[in-house]
Amino acid sequence: MLAKLGLAVRTAARQGADIRFDWGDAANHQPAVEGIDRIYLMTPVIPQAGFTEHVSKFLDQAAAAGVQHITYLSAYGMDQAPAETTLRAVELDLLSRNEFTNSILRPAWFMQNFSEGHLVPIDGCITAPTGDGTEAFIDIEDIAAVAAATLADPEAHAGAQYALTGPEAMTVADAAHVITTITGHPVKHRDIDRQTWIQASIAAGIPADYGGMLALLTETVASGHGSRPTNDVKRVTGASPTSFADFVRRTSH
């Protein structure tokens, strides 16, 4: 998206990027910030021990290199999280600095969880311990559009904190109904005991730490504290966020 706006972009990741970048290898952090004035900062799905210290040192390097703005991908509700929570700790570090401006993005659960994540239907069932709780699932393309806007015009978004959601709060059963209606393949939600689900997921190969994170996320939704629709995507981009039905139509072919 940034390239389409005429901006030069350099990617940094462990693989498949312009330069190699690994949070656990400080030696490759400096090349990532050299000659860069804006950064889109993302944390690993499962931050390792000491991660906040790694990020803090990276931010020191970014400041020394003359970076002017950082847009940080956090998570919905992190503004209410304890200070020691990894994502919140990084937010607080950013907010404490004045060498560069920042924008913080806090998205809801990704719609892509239904196409390539832990909510993919298997044998006609979406198995997840979310009960009747609702979540305002968001398309990652909408997150990318907001991120691009903040990086294209950082002055306009300096200090902004956006709660990014889809246009509707829905249960997993609601989502299953939409998938059924659009694809013609019957799908239903199967609620399950949370610990049983986590143990089965770990047995199937997901890391134990990730299992713990999924337990927290599903409990948040099941207890009625999932994300609620906001107007932030439209406020930033001028376009309404993608509906779940439109997402299913786009990804079911």
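In this structure, Met78 is not a member of the same hydrophobic cluster as Tyr76, with clusters built from ILVMFWY side-chain heavy atoms closer than 4.5 Å. Transitive grouping of hydrophobic side chains (ILVMFWY, heavy atoms separated by less than 4.5 Å) brings Ile143 and Leu5 into a common cluster. Cluster membership for Ile39 and Leu7, using ILVMFWY side-chain heavy atoms within less than 4.5 angstrom, is not shared. Residue Leu217 is not grouped with residue Val120 when hydrophobic side chains (ILVMFWY) are merged at heavy-atom distances under 4.5 angstrom, including chains of intermediate members. Note on Leu94 and Leu73: separate hydrophobic clusters, where clusters join Ile, Leu, Val, Met, Phe, Trp and Tyr whose side-chain heavy atoms are under 4.5 Å apart, directly or indirectly.
Two residues are said to be in side-chain contact when any heavy atoms from C-beta on lie closer than 4.5 Å; His177 and Asp174 fail this criterion. When side chains are defined from C-beta on, Ile104 counts as touching Leu95, because their heavy atoms get closer than 4.5 Å. At least one side-chain heavy atom of Phe100 sits less than 4.5 Å from a side-chain heavy atom of Leu59. Within the 4.5 Å cutoff, no side-chain heavy atoms of Leu164 are placed close to those of Thr230. Arg14 is not listed as a side-chain neighbour of Phe21, based on a closest heavy-atom distance of 4.5 Å or more. The closest side-chain heavy-atom distance from Trp109 to Thr165 is not below 4.5 Å. In this structure the side chain of Lys188 reaches within 4.5 angstrom of the side chain of Cys125, judged on heavy atoms. No side-chain heavy atom of Leu216 sits under 4.5 Å from any side-chain heavy atom of Glu219.
Nearest heavy-atom pair across Gln30 and Gln61 is OE1-NE2, 3.4 Å. Considering all non-hydrogen atoms of both residues, Ile138 and Gly166 come closest at CB-N, 3.8 Å. In terms of heavy atoms, Pro229 sits closest to Ala169 at CG-N, 3.6 Å. Of all heavy-atom pairs spanning Ile19 and Ala32, the tightest one is CD1-CA, 3.4 Å. Minimum heavy-atom separation, Ala222 to Pro129: CB-O, 3.8 Å. Scanning both residues, Gly184 and Pro186, for their nearest heavy atoms gives O-CD, 3.6 Å.
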**Asked** Hey, mind stepping through Glu141 and Met1 against side-chain contact (heavy atoms from CB on, under 4.5 Å) and telling me if it holds?
**Response** CA-CA 10 Å; Glu141 295 295 331; Met1 290 184 178; 3.9 Å; yes
**Message:** Assess the residue pair Phe244 and Phe114 against the criterion (ring-ring contact (aromatic ring centres under 6.0 Å, His included)); give the C-alpha distance rounded to whole Å, side-chain angles, the decisive distance to 0.1 Å, and a yes or no.
**Reply:** CA-CA 10 Å; Phe244 188 72; Phe114 290 91; 5.0 Å; yes
**Residues Tyr72, Thr43; criterion side-chain contact (heavy atoms from CB on, under 4.5 Å); working and verdict** = CA-CA 9 Å; Tyr72 173 50; Thr43 59; 3.5 Å; yes
**Request:** Please step through side-chain contact (heavy atoms from CB on, under 4.5 Å) for the pair Phe137 and Glu168, ending with a clear verdict.
**Result:** CA-CA 8 Å; Phe137 302 103; Glu168 58 201 336; over 6 Å; no
**Request:** Go through His69 and Thr101 one step at a time and tell me if the side chain to side chain donor-acceptor pair (under 3.5 Å) criterion holds.
**Result:** CA-CA 5 Å; His69 180 86; Thr101 57; 2.7 Å; yes
**Prompt:** Can you check side chain to side chain donor-acceptor pair (under 3.5 Å) on Arg228 and Thr134, steps first, answer last?
**Reply:** CA-CA 8 Å; Arg228 296 291 177 266; Thr134 60; 3.2 Å; yes
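Using modelled atom types, one finds no donor on one side chain facing an acceptor on the other under 3.5 Å when comparing Thr183 with His185. Side chains of Ser56 and Asp93: a donor on one and an acceptor on the other come within 3.5 Å. For the residue pair Arg38/Thr71, the side-chain donor-acceptor check at 3.5 Å is not satisfied.
A distance of 6.0 Å or more separates the ring centres of Phe51 and Phe58.
Considering NE2 of His157 and OH of Tyr162, their distance stands at 5.0 Å, rounded to 0.5 Å. Distance check: Asp123 CG to Thr127 OG1 gives 9.0 Å after rounding to the nearest 0.5 Å. Atom CG of residue Leu105 and atom OG of residue Ser74 lie 9.0 Å apart, to the nearest 0.5 angstrom. Of the inter-residue distances, the one linking Ile36 atom CD1 with Ile70 atom CD1 reads 11.5 Å to the nearest 0.5 angstrom. Taking CZ from Phe110 and NE2 from His118, the interatomic distance works out to 10.5 Å, rounded to the nearest 0.5 Å. Here CD of Glu135 is found 10.0 Å from OG1 of Thr130. Values are rounded to the nearest 0.5 Å.
With hydrogens and angles ignored, the 3.5 Å screen pairs a side-chain donor or acceptor of His225 with a backbone N or O of Ser223. In this structure, Thr242 contributes its side chain and Phe247 its backbone to no donor-acceptor pair below 3.5 Å. Counting only distance, with no hydrogens or angles, the side chain of Asp232 and the backbone of Ala163 share a donor-acceptor pair below 3.5 Å. Using a distance-only test at 3.5 Å, with no hydrogens or angles considered, a donor-acceptor pair links the side chain of Gln112 to the main chain of Ile140. Of the possible polar contacts, one joining the His189 side chain to the Ala128 backbone as a donor-acceptor pair under 3.5 Å is found. Checking side-chain atoms of Thr85 against main-chain N and O of Leu87 turns up no donor-acceptor pair under 3.5 Å. Thr180 places a side-chain N or O within donor-acceptor distance of the main-chain N or O of Val187, the cut-off being under 3.5 Å.
Taking a 6.0 Å sphere around CG of Asp193, one finds it holds more than 12 heavy atoms contributed by other residues, nucleotides or ligands. More than 12 heavy-atom neighbours from other residues, nucleotides or ligands sit within 6.0 angstrom of CZ on Arg250. Counting heavy atoms of neighbouring residues, nucleotides and ligands inside a 6.0 Å radius, atom CZ of Arg190 does not exceed 12 of them. Heavy atoms from other residues, nucleotides or ligands lying under 6.0 Å from CG of Asp132 number 12 at most.
Among Leu119, Asp139, Asp142, the one residue that satisfies the side-chain contact (heavy atoms from CB on, under 4.5 Å) test with Met111 is Asp139.
At a threshold of 4.0 Å, the pair Asp22-Arg20 counts as salt-bridged, since one of the basic side-chain nitrogens sits closer than that to a carboxylate oxygen. Salt-bridge annotation for Lys57 and Asp60: absent, with no side-chain N of the basic residue lying under 4.0 Å from a carboxylate O of the acidic one.
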